[in-house]
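Note sheet for the following structure.
Chain identifiers are assigned alphabetically (A, B, ...) following the order of the sequence lines, protein sequences preceding nucleic acid strands; residue numbering begins at 1 within each chain.
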Amino acid sequence: MDSWELRQKFLLYFNASGHDVVPSASLIPAGDPTLLFTNAGMVPFKDIFLGAEKTSRKRAVSIQKCVRAGGKHNDLDRVGFTRRHHTFFEMMGNFSFGDYFKRDAISFAWNFLTRELGMDRRHLWVTVYREDDEAEHLWREVTDILPERIVRLGEKDNFWQMGDTGPCGPCSEILVDQGEEFSCGSPDCKVGCDCDRYLEIWNLVFMQYDRNADGVLSPLPRPSIDTGMGLERLSAVVQGKHSNFETDLFMPLIRTIQSHSRVPYEEGQGSLDHAYRVVADHLRSSVFLLHEGIAPSNEGRGHVLRRIIRRALLFGRELGLPHPILPVLAESVARMMEKPYPEIGTSLSRVQDVLRMEEGRFHQTLESGLPLVQEMLRTLEKKQEKVFPGEMLFLLHDTHGFPLDIVEDAARMQGILLDYKGFEEKMEEQRERGRSSWTGKKEEFPLSSDRLPRAVEFHGYEKSSLQGDVVLLLNGKNEVKEVHAGEDVLVVLDKTVFYPEGGGQVGDVGDLIGPFGYIRVRGAKKPYPGWIVLTGKVVSGKVAVGETVDQHVDEEARQGAERHHTATHLLHAALRTVLGDQVRQAGSLVSPDRLRFDFTYPQPVSPENLLAVEALVNGWIFRNAAVDAREMEKSKALDMGALAFFDEKYGDRVRVVQVPGTSVELCGGTHVRSTGQIGSFLILQETGVAAGIRRIEAISGPLAYQKSVAWRQELKDIRGLLEAGTTPLEEKVRFILRENAVFQKEIQSLKARLFALEEKHSRKEFLEVEGHRLVVMHFVLDDPRELRVRMDAIKAGITSGAVLLIGESVDKLAFLGWTSPDLGETFPISSWVKTLAADVGGRGGGKPSWAEGGGPKPENVANFLQSAKNRLEEAFRSRFHMTGPLSGRIG
RNA sequence: GGGGGGUUAGCUCAGUUGGGAGAGCGUCAGGAUCGCACCCUGAAGGUCAGGGGUUCAAAUCCCCUACCCUCCA
């Protein structure tokens with residue numbers, strides 16, 4: 001019986017007994033931030049069980065796709081090494097919401113297994129909770145189970161709870177005895193043993209209590225049923241397979257992998273079969289997670305996904321899988337799962353794209369990190385040590401982004417443990433660095449939040465000038481009644497038009513004019529909800545608590561900020577249009593003179609896409625749509641599809657800023673009235689700010705215009721300098737560069753030829769002893785590198801001997817010495833270069849047969865040169881045991 | 001915002017206490033072959049990311065900048 005048939009039978013069976021067939025919910029739990037992924041069949045019904053969601057539905061049946069990886073129940077590193085662990089699995093379950101209870105749950109389950117699937121009751125066992133007499137009684141009453149097959153177990157195995165508080169209750173599990181050959185062989189092997197003989201296949205949870213914060217259980221008014229049976233397990237049992245991986249849910253995929261591998265799959269017996277299981281399992285979860293729109297990243301769900309993908313690749317390497325392989329395997333997964341999940345086929349090509357990218361990226365990471373790991377392991381082996389140093393772990397993680405579980409996998413094979421403690425210490429240092437660099441900039445507000453009698457009214461959305469009464473004054477950190485000229489102050493008014501820093505938008509600047517003094521406002525903040533505090537400096541006179549002041553926001557600055565804020569929304573929308581919905585805001589700065597927008601995206605944005613984004617934003621600006629900003633119910637805003645990515649605590653009423661047809665976002669900032677006011681939008685640069693996060697900086701309005709004027713002027717100036725006339729500038733520059741390169745080369749080769757020629761025709765003095773030649777020469781030159789070229793020319797004519805060249809420039813002498821290979825040991829020129837350089841107060845060195853040196857020019861150069869020559873010749877002669885002068889000339 | 005690492009020929013990368021810029025692949029030419037692949041010989045191809053400093057001498061050491069990777073906040 002294949003898995004498709006099992007699915008059908010299960011759904012039909014329960015549907016026939018009044019259960020609604022509910023399609024599998026998303027792997028991303030809706031509205032549940034505590035949960036990384038849907039990891040059990042009941043997750044989509046959690047709110048119903050908790051009583052938070054009302055439903056008229058009484059019974060449901062589902063086959064829920066689940067992912068278990070990361071978070072508390074992390075089996076990731078076991079997957080592949082067992083027959084049963086998966087990161088992705090499907091949970092079949094029937095549910096009763098205050099409808100039927102234990103009796104029906106037991107009889108439904110029993111009948112499905114024995115009648116629908118035809119299982120032999122002699123192979124079935126059940127466990128019940130130690131104190132649950134009722135359950136045991138019902139098993140005896142409503143089923144024909146052999147009574148001695150009912151086993152009682154404790155809380156660990158048979159009591160279920162969702163959390164520390166809330167619904168909970170005993171459960172009852174159905175097990176299949178697979179027979180002796182599945183046993184671990186231990187004499188204690190019985191129900192409850194971890195081995196595969198007694199395989200748990202179905203867990204029936206009887207939700208009957210509510211646990212309060214003190215741990216006290218009280219009966220639920222409407223007890224419920226939640227059951228779960230893994231499709232993979234059931235398939236293995238029904239198909240008589242030893243392992244879930246041998247079933248039709250995996251085998252086609254494993255066969256695909258095998259067709260690309262050098263190592264055969266041996267049905268659980270091969271030494272690399274675990275790698276097959278890892279790759280197959282991880283591919284399934286990757287395809288489904290990617291389908292949900294999760295992208296590989298460095299945090300949260302994306303991080304788990306990245307680890308899964310990368311682990312698959314690592315084990316793929318063991319199998320010698322080619323690269324890129326994931327897109328191919330993803331297709332195989334899609335083909336297998338299309339029948340129950342048709343939507344998987346439609347997203348396949350996008351999923352393949354992401355996989356291909358991630359695979360390439362991982363290969364780079366591996367190639368830089370693996371040699372380091374292997375070298376470390378070799379060193380440890382040599383030293384007979386069994387602990388992988390934490391410092392090295394940190395280096396791998398911090399610098400190379402190398403996944404540590406991969407290090408662990410590699411180390412395990414040598415019986416080496418990882419020093420996680422040392423690693424954590426390094427990590428903590430790193431965090432401390434991050435924190436200290438940050439907290440230095442965060443200023444504490446000196447007053448407590450209850451010092452303000454009532455919330456400051458904000459009128460900045462409608463106007464830019466207003467009168468207000470001074471409620472609080474601070475001079476530095478002290479609360480005062482009065483402030484005076486020259487003081488830096490904090491001011492709180494009863495109502496204000498100054499926008500306080502928030503949502504990325506910087507605070508307004510402007511002026512406060514009181515009856516006796518004048519304050520220049522540099523910014524505004526909200527240290528606590530309801531507060532708006534102006535920071536500034538008293539320019540003249542004095543200002544006191546209780547006075548009424550005229551407030552004027554600097555309108556030019558404000559308008560600049562508004563242009564950039566609306567432009568930010570348009571940019572966000574454009575990025576999502578061009579790059580896809582995976583783009584999420586990750587930070588934003590809106591100031592009068594620029595905007596900075598950080599967003600999630602795994603790679604640099606291509607120049608073409610950047611142009612497209614810029615064009616799109618400008619198009620929206622030219623269309624001059626009215627910007628609509630208004631308050632509304634939060635739920636209504638979310639229904640409109642408003643983007644709300646910041647974790648700010650939005651109240652029930654939220655402000656929604658909308659550019660019709662383009663962008664809807666929750667936003668407390670100030671905006672232009674219509675997009676046309678932005679004028680124009682210019683991206684200045686796109687950079688990376690962290691792994692998976694890109695940053696765009698841009699300007700708008702008059703600034704964009706001024707920038708383009710400046711660029712034009714710059715181009716014009718360059719054109720003038722280059723005398724480009726009407727030639728395209730790029731062409732002209734290329735021409736000049738090319739010409740320059742040709743000149744350089746020409747000069748070089750001309751010099752070489754010139755020196756060769758000089759060499760040939762010069763009356764070069766040399767000393768020859770026993771067929772060995774010594775040449776000492778002196779040149780005036782402006783580039784010491786010239787000596788090398790001359791050396792090439794001179795040494796070309798010498799088969800055995802030594803050459804010392806002395807170059808004289810304005811204030812320095814340079815030495816270059818060479819000895820033919822046969823004399824390298826006998827007459828090491830390096831010692832001469834060293835000596836002579838030292839004589840003029842410099843230094844030198846190199847290899848015996850090639851040395852360079854130099855130093856300041858001595859006062860009497862001619863004398864120095866002559867004496868150097870004499871000394872060298874003397875040494876050369878005595879070295880080769882000759883006395884008479886045998887110097888000659890080539891003329 | 002704060003760390004760590006990287007940038008060398010068209011591509012992939014070596015380059016040891018600072019001392020003549022390299023390899024493989026690719027390109028081009030010649031050879032060999034009926035022809036192709038392979039093979040043999042040779043050549044072209046480099047502001048060692050950019051700038052500054054230290055030094056007699058910097059791809060190499062130090063500082064700054066740009067870009068890329070990565071971690072922390």
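- Using a 4.0 Å heavy-atom criterion, one finds that A:G842 contacts no nucleic acid atom at all.
- OP1 or OP2 of B:A21 has at least one side-chain nitrogen or oxygen of A:R788 nearer than 4.0 Å.
- Look at the C1' atom in both B:A14 and B:G6: the space between them is 15 Å, to the nearest Å.
- The distance between atom CG of A:L787 and atom C1' of B:G20, rounded to the nearest whole Å, is 12 Å.
- Atom name C1', nucleotides B:G45 and B:G22: the rounded distance is 14 Å, in whole Å.
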**Item:** Stepwise ring-ring contact (aromatic ring centres under 6.0 Å, His included) test for A:F423 and A:H397
**Value:** CA-CA 9 Å; A:F423 169 74; A:H397 171 73; 5.4 Å; yes
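- The aromatic rings of A:F597 and A:H572 lie tilted to each other, with the angle between the two planes from 30° to 60°.
- Comparing B:C68 with B:C25, their P atoms are spaced 32 Å from each other, to the whole Å.
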Extract from the structure each pairing of a protein N or O with an N or O of nucleotides 62-67 of chain B at less than 3.5 Å, listing the distance.
unit_1	atom_1	unit_2	atom_2	d
B:C67	OP1	A:Q685	OE1	3.2

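- The side chain of A:D792 lies closest to B:G20, out of B:G20, B:G4, B:G3.
- Rounded to the nearest Å, the gap between the C1' atom of B:C40 and that of B:C48 is 32 Å.
- A:M427 comes within 4.0 angstrom of sugar-phosphate atoms only, judged by non-hydrogen atoms across all strands, and of no base.
- In the interface, the side chain of A:D398 is paired with the base of B:G3 through a donor and an acceptor atom under 3.5 Å apart.
- Between A:E686 and A:R694 there is a salt bridge, with a side-chain nitrogen of the basic residue lying less than 4.0 Å from a carboxylate oxygen of the acidic one.
- For A:L611, the side-chain contact (heavy atoms from CB on, under 4.5 Å) criterion is met by A:E614, not counting sequence neighbours.
- A search for side-chain hydrogen bond (donor to acceptor under 3.5 Å, both in side chains) contacts involving A:E428 returns A:R431, A:R435, not counting sequence neighbours.
- Using a 4.0 Å heavy-atom distance criterion, A:K795 is classed as a base contact.
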In a table with atom names and distances, give each donor-acceptor pair under 3.5 Å that connects a side chain of residues 807-818 of chain A to protein atoms at least two apart or in another chain.
unit_1	atom_1	unit_2	atom_2	d
A:E808	OE1	A:H778	NE2	2.7
A:E808	OE2	A:K857	NZ	3.1
A:S809	OG	A:K812	O	3.3

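- By the 4.0 Å N-to-carboxylate-O rule, A:E697 lies close enough to A:R594 to be salt-bridged with it.
- At whole-Å resolution of the value, CD in A:Q430 and C1' in B:G2 are 8 Å apart.
- When the C1' atom is compared between B:U16 and B:U12, the two are found 22 Å apart, to the nearest whole Å.
- With both ends at atom P, the span from B:A37 to B:G52 equals 48 Å, rounded to whole Å.
- Contact between the side-chain N/O atoms of A:K426 and the OP1/OP2 oxygens of B:G4 is not found at any separation under 4.0 Å.
- Nucleotide B:C69 holds its P atom 19 Å from the CG atom of A:L395, rounded to whole Å.
- In this entry the distance linking CZ of A:F402 with C1' of B:G6 reads 17 Å, nearest Å.
- For residues 827-849 of chain A, the pairs satisfying side-chain hydrogen bond (donor to acceptor under 3.5 Å, both in side chains) are A:D839-A:R871, with sequence neighbours left out.
- Rounded to a whole Å, the CE atom of A:M791 is 10 Å from the C1' atom of B:G20.
- Every residue was checked against the side-chain hydrogen bond (donor to acceptor under 3.5 Å, both in side chains) condition with A:T535, not counting sequence neighbours, and none meets it.
- Checking B:A66 for Watson-Crick or G-U wobble geometry (two distances, each under 3.5 Å) identifies B:U7 as its partner.
- Here B:C71 is the nucleotide among B:G20, B:C71, B:A57 with the atom lying nearest to any side-chain atom of A:H397.
- In this structure, the NZ atom of A:K847 is 12 Å from the C1' atom of B:U16, given to the nearest Å.
- Nucleotide B:C48 is matched to nothing when pairs are restricted to Watson-Crick or G-U wobble geometry with both distances under 3.5 angstrom.
- A salt bridge between A:R522 and A:D488 is present, with a side-chain N of the basic residue lying under 4.0 Å from a carboxylate O of the acidic one.
- Atom CG of A:L805 and atom P of B:G20 are 15 Å apart (whole Å).
- Contact annotation for A:R695: backbone-only contact, meaning every heavy-atom pair under 4.0 Å involves sugar-phosphate atoms and none involves a base.
- Separating the C1' atom of B:A43 from that of B:U47 is a span of 23 Å, rounded to the nearest Å.
- Applying the 4.0 Å criterion to OP1 and OP2 of B:A73, one finds that A:R431 has a side-chain N or O inside that range.
- Where stacking is scored as ring centres under 5.5 Å apart with planes under 30°, A:W850 does not register as stacked on the base of B:G19.
- Of the two residues contacting RNA chain B, namely A:A851 and A:F394, the nearest-nucleotide position lying further toward the 5' end is that of A:A851.
- Nucleotide B:U27 has B:A43 as its partner under the Watson-Crick or G-U criteria, with both atom distances under 3.5 Å.
- In this structure, A:L813 atom CG and B:U55 atom P are separated by 18 Å, rounded to whole Å.
- In this structure, B:G19 forms a base pair with B:C56, meeting either the Watson-Crick or the G-U wobble geometry with both donor-acceptor distances under 3.5 Å.
- With C1' as the reference atom, B:G19 and B:C71 are 38 Å apart, rounded to whole Å.
- Side-chain atoms of A:E852 stay outside donor-acceptor range of the base of B:C56, with no qualifying N/O pair under 3.5 Å.
- Within 4.0 Å (heavy atoms only), A:G855 reaches sugar-phosphate atoms of the nucleic acid but no base atom.
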